[in-house]
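Whatever order the structure lists them in is the order used to number ligands and atoms, beginning at 1.
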Amino acid sequence: MRRRQSFVMVRRPVSRVARAYRRGMARSPFAPSFWRSPLRGPWLTSVLGVVLLGGITLLFVTGLLSYAAYNPDLSPVNDKTPDKGVLGFYLFSWPTDPHWLYRLNQGVHVTLGITLIPVLLAKLWSVVPKLFTLPPARSLAHALERISLLLLVGGALFEFVTGVLNVQLDYLFPGSFYPLHFYGAWVFFTAFVAHAVLKMPLAWRSLRQLREEKTELVSPDPARPTVSRRGALWFVGSGSLLLFATTVGQNFDGVLRRTALLAPHGGSDPASGPGGFQINKTAAYAGIDPGETSEEAWRLVVVGRAGRTVRLGRAELLQLPLYSSALPIACVEGWSTSDQWWRGVRLRDLAALVGYEDDPPDVFVESLQRHGAFRRAALRANQVADPRSLLALSVNGEDLTPDHGHPARIIVPAAPGVLNTKWVARLTFGDL
Ligand code: HEM
């Protein structure tokens, strides 16, 4: 009898703690019963996964192409990721045809990225119970799987957040956008491919079978449904459609551009940029001193074979043979203009002036710009040789405005906007 009493006295406080702990755990996100949505399960996760499989693969490819468009192998000034090593294995000389190539590539990259945001969020919602499993690692294999999920989820969020910040807020992260987004993309995509390969059999079975497999995502204590799984997909699809409809117009003119409510730099208003089309940086933002760009002060310095140098004022440039090119401006932020009518001196004619009569080489372009990236940029020989590549002096029949690069700017077919350097001060031709 005495022995039994002492047993009760010892057990009571422990079991209260245990019960409280168990109750707490049952109400915490670490308990499977905490997640009660009847929508969660492999079917919904797989549908969203398959959409992401196509969408993110296309995002990755267009992102890599956008990187190649900067010609990073050509000159250190174009390359924001000099330590990329083998990650640059695929780089190639960016072509000049079709002249809308970068416009299409970057339009797809940014519009698709923004459109996929609701799908990504829904996918994360559909798998959120798995992110709370305890213990965090049951074995070495489980620990490795959890690390790969961290890279997958963290990588996805990082890429989408940095991309949106770059487009909308001119970037707020510490460090340069380019290396972070570039290296982040490789980490994320590697984890993404591993995940897609591992989950494909389950995704395939779930999409083909009508009966739901009882995976850990299926709630053990489901609440009553308030919406069907198809209804939830319609909701996600509508969110994507809304983002698409308020973004895609930034690549077009007229009425469509007015629908681009999310476009940066006043992008929904086609006439918001000086000269009737959009710009990224104003002359004031770039630190251009009007004194330096006046007719009297400004001289273009052109350097060529064996240091041969000529200096040309605007009036002298206007005496050279002038040509017209219909080319767009396509920004890395995803907006682009339709073709504008540029008029100026062919880059290959300027190369000929300094000793490269037959085979124009690469060119190193320097701007008067004081602030902002890409004050200096290099263009490849194929870009210089293209007869549509100009040192433009006017656009759409009028002199360039200060914000469009007066006194002279580069315009090259299919190149990213930032390689179309404004306020040009010096051109150095030669193999870079
Ligand atoms: C941004 C891309 C993606 C992210 C962030 C992501 C995230 C996750 C996470 C965190 C889990 C739970 C962990 C696990 O079960 O191992 C999961 C499960 C799953 N994912 Fe993904 N995923 C992505 C893309 C994909 C793709 C492309 C597919 C298609 C093959 C896919 C199919 C699945 C399937 C079938 C499951 C298991 C569902 C279940 O157990 O009921 N996911 N995903």
Report the C-alpha separation of Asp79 and Tyr67 in whole Å, then their side-chain angles, then the decisive distance to 0.1 Å, and conclude whether the side-chain contact (heavy atoms from CB on, under 4.5 Å) test is met.
CA-CA 9 Å; Asp79 191 2; Tyr67 182 68; 3.1 Å; yes

Near [X], which atoms of ligand 1 are under 4.0 Å from a heavy atom of that residue?
{"X": "Leu53", "value": "27 (C)"}
{"X": "Val153", "value": "10 (C)"}
{"X": "Leu120", "value": "1 (C)"}
{"X": "Leu131", "value": "10 (C)"}
{"X": "Thr45", "value": "19 (C), 20 (N), 33 (C), 34 (C), 36 (C), 38 (C)"}
{"X": "Leu152", "value": "4 (C), 5 (C), 6 (C), 7 (C), 22 (N)"}
{"X": "Glu145", "value": "16 (O)"}
{"X": "Pro42", "value": "41 (O)"}

For [atom], what's the nearest protein heavy atom and its distance?
{"atom": "atom 38 (C) of ligand 1", "result": "Leu217 CD1, 3.5 Å"}
{"atom": "atom 41 (O) of ligand 1", "result": "Thr215 OG1, 2.6 Å"}
{"atom": "atom 32 (C) of ligand 1", "result": "Lys199 CB, 3.7 Å"}
{"atom": "atom 9 (C) of ligand 1", "result": "Val127 CG2, 3.4 Å"}
{"atom": "atom 28 (C) of ligand 1", "result": "Gly49 CA, 3.5 Å"}
{"atom": "atom 13 (C) of ligand 1", "result": "Leu149 CD1, 3.5 Å"}
{"atom": "atom 30 (C) of ligand 1", "result": "Met200 CE, 3.8 Å"}

Residues Ser324 and Arg343: side-chain donor-acceptor under 3.5 angstrom:
yes

Should we count [atom1] of [X] as having more than 12 external heavy atoms under 6.0 Å?
{"X": "Glu216", "atom1": "CD", "value": "no"}
{"X": "Glu292", "atom1": "CD", "value": "yes"}
{"X": "Arg376", "atom1": "CZ", "value": "no"}

Of the non-hydrogen atoms in Ala408 and Trp298, which two are nearest, and what is the gap between them?
CB-CH2, 3.9 Å

Compute the shortest N/O to N/O distance between Lys130 and ligand 1 and return yes if it is under 3.5 Å, no if not.
yes

Ring geometry between [Y] and [X] (parallel below 30°, tilted from 30 to 60°, perpendicular above 60°):
{"X": "Trp35", "Y": "Phe132", "answer": "tilted"}
{"X": "Trp94", "Y": "Tyr102", "answer": "perpendicular"}
{"X": "Phe192", "Y": "Phe189", "answer": "parallel"}

Give the contacting part of [X] toward ligand 1: side chain, backbone, both or neither, where contact means a heavy-atom distance below 4.0 Å.
{"X": "Ser46", "answer": "side chain"}
{"X": "Val218", "answer": "neither"}
{"X": "Ile56", "answer": "side chain"}

When the aromatic ring centroids of Phe374 and Tyr70 are compared, is their separation below 6.0 Å?
yes

Any heavy atom of Glu213 sitting closer than 4.0 Å to ligand 1?
no

Any Val47 side-chain heavy atom under 4.5 Å of Arg229 side chain:
no

How large, to 10°, is the angle at atom 21 (Fe) of ligand 1 when you draw lines to NE2 on His195 and to NZ on Lys123?
170°

The test is ring-ring contact (aromatic ring centres under 6.0 Å, His included); show your working for Tyr323 and Trp342 and say whether it passes.
CA-CA 8 Å; Tyr323 296 87; Trp342 306 93; over 10 Å; no

